[in-house]
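Encoded as structure tokens, the structure appears first; notes follow it.
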Amino acid sequence: MKKGILHIILVVLMGLLTVNAGYGQNDYTIKMLPLNSRIYNDLAPVPFQNGILFSSDRKTSLFVDYKALDDSRILHLFVAQKKDSLKWGQPHLFAKEITSIVNEGPAAYNEATHTLYFTRNLLVDKRKKTGKNSNGIFYVVKSGNSWGPVTEVPVNDPAFETAHPSVSEDGKTLYFASDRPGGFGKSDIWVSRFENGSWSTPVNLGSVVNTDASELYPFILGGERLYFSSDRPGTLGGLDIFYCRKAGGKWMPPVHLDPPFNSNADDFSFSSDLSVSSGYFASTRDR
């Protein structure tokens, strides 16, 4: 990814964002959300209740500021409530039950099962780290006003990266990004299904969706619409946002979203509500 502070951008649409939408300049507006930090990275926003859930490396305390072993800033999950069409509440740490001293996020929330899926480093205790601390996917279920316990989804392996979860509306299909063997490039999009009480062996989405570059940040909508980001040849700059749909049980070739969704900066982690009347994504663009 290109250097630069990551910001969360709001996009308000006047119609359905699909391959054949044919948007003109008056069909949508985009703007940076006022909750962005000027010095820290804010990324991977997803709708959550009356607001958004996102990842950020902003400080969680005035007195404690954890960093990774490579001295990079650690990501945690934050939530911000939407007050009205223009105003947002101050972002705050999402849940202390899942906050640790390693990276957490991006995440995905399933309303039907009250389950939060999120990316986290596999080794939480830094004293036990002897090599690469790969990412994995974990989940917690909300019970009353609390979350937990934190449980590992059985698709992880410390030998490779497993991250960026997105779950279907019924909570039975999990999409994610991984560099595991059997893929087509640096990182591919995979899918696992909850069948007979357990998650199935992950299956690659195939060469129609994946390339020899990196495919990241999948977001599934309605079971047949998939948004993701890629740095494949032909992008405007670094990571760009793509869209594809499923027809007859097969994924159609991805379509590159036009500006201003994509720019010469990194643009990624698009998400939206079910109506696709509004959405969010992260970008390193200046404005």
Side-chain angles (χ1 to χ4, degrees), residues 1-13 17 28 30-33 35-37 40-48 51-58 73 75-80 91 94 103-110 116-120 135 137 161-167 174-179 186-190 205 209-210 213-221 225-232 235-244 254-257 259-274 276 278-285:
M1 292 174 61
K2 296 181 179 180
K3 292 183 179 181
I5 299 298
L6 286 163
H7 302 288
I8 295 173
I9 293 178
L10 167 69
V11 52
V12 179
L13 305 170
L17 180 59
Y28 52 80
I30 67 167
K31 61 180 179 180
M32 285 192 183
L33 289 183
L35 55 81
N36 285 301
S37 166
Y40 301 122
N41 293 299
D42 301 313
L43 64 149
V46 290
F48 179 76
I52 60 170
L53 179 68
F54 65 99
S55 301
S56 178
D57 62 4
R58 62 182 67 194
R73 301 195 58 80
L75 290 171
H76 291 297
L77 291 174
F78 288 78
V79 65
F94 175 64
N103 290 294
E104 279 123 6
Y109 179 63
N110 181 256
L116 180 80
Y117 297 85
F118 64 100
T119 306
R120 175 191 267 184
N135 287 304
I137 296 175
E161 301 288 342
T162 305
H164 307 168
S166 181
V167 64
L174 179 68
Y175 295 81
F176 59 90
S178 179
D179 62 355
K186 298 176 183 177
S187 176
D188 282 13
I189 298 174
W190 297 72
L205 252 59
V209 174
N210 294 307
S214 295
E215 277 69 52
L216 304 163
Y217 299 98
F219 179 74
I220 189 68
L221 193 62
R225 284 179 281 173
L226 178 70
Y227 300 87
F228 65 93
S229 296
S230 177
D231 61 357
R232 64 185 65 187
T235 63
L236 298 180
L239 288 171
D240 275 13
I241 302 168
F242 290 79
Y243 163 88
C244 61
V255 173
H256 179 266
L257 297 188
F261 292 96
N262 288 313
S263 67
N264 60 4
D266 283 305
D267 304 291
F268 61 97
S269 65
F270 177 85
S271 68
S272 77
D273 57 18
L274 287 174
V276 204
S278 64
Y280 309 93
F281 63 94
S283 179
T284 56
R285 68 185 68 183

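Under a 3.5 Å cut-off, the side chain of Ser55 and the backbone N or O of Ala44 do not form any donor-acceptor pair. Ser271 contributes a side-chain N or O that, together with a main-chain N or O of Pro45, makes up a donor-acceptor pair within less than 3.5 Å. Asp57 contributes no side-chain N or O that, together with a main-chain N or O of Tyr40, makes up a donor-acceptor pair within less than 3.5 Å. With hydrogens and angles ignored, the 3.5 Å screen pairs no side-chain donor or acceptor of Arg58 with any backbone N or O of Pro91. For Thr119 (side chain) and His164 (main-chain N/O), a donor-acceptor pair under 3.5 Å exists by modelled atom type.
Checked against Tyr243 for a ring pair (Phe, Tyr, Trp, His ring centres under 6.0 Å), the options Phe281, Tyr227, Phe228 give a single hit: Tyr227. Considering Asp267, Asn264, Asn262 as possible partners of Arg285, the one that fulfils the side-chain hydrogen bond (donor to acceptor under 3.5 Å, both in side chains) test is Asp267. Under the ring pair (Phe, Tyr, Trp, His ring centres under 6.0 Å) rule, Phe94 has a single partner from Phe78, Phe48, Phe118, which is Phe48.
For Asp188, the side chain to side chain donor-acceptor pair (under 3.5 Å) partners two or more places apart in sequence, or in a different chain, are Asn204. Scored by the side chain to side chain donor-acceptor pair (under 3.5 Å) test, Asn135 finds Asn121, Glu161 as partners (sequence neighbours excluded). Looking at residues two or more places apart in sequence or on another chain, you find a side chain to side chain donor-acceptor pair (under 3.5 Å) between Ser178 and Arg180.
Once rounded to the nearest 0.5 Å, the distance linking CG of Asp42 with OG of Ser56 reads 4.0 Å. The line from OG of Ser272 to CZ of Phe219 is 5.0 Å long, rounded to the nearest 0.5 Å. Taking CG of Leu239 as the reference point, atom CG of Leu216 lies at 6.0 Å (rounded to 0.5 Å). Note that the CG atom of Asn41 and the CD1 atom of Ile5 stand 5.0 Å from one another [nearest 0.5 Å]. To the nearest 0.5 angstrom, Tyr175 atom OH is 14.5 Å from Trp190 atom CH2.
Taking the six-membered ring where tryptophan is involved, the planes of Phe268 and Tyr217 are tilted, since the angle between them lies from 30° to 60°.
Counted by atom type alone, Ser187 and Asp179 present zero donor-acceptor pairs between their side chains at under 3.5 Å.
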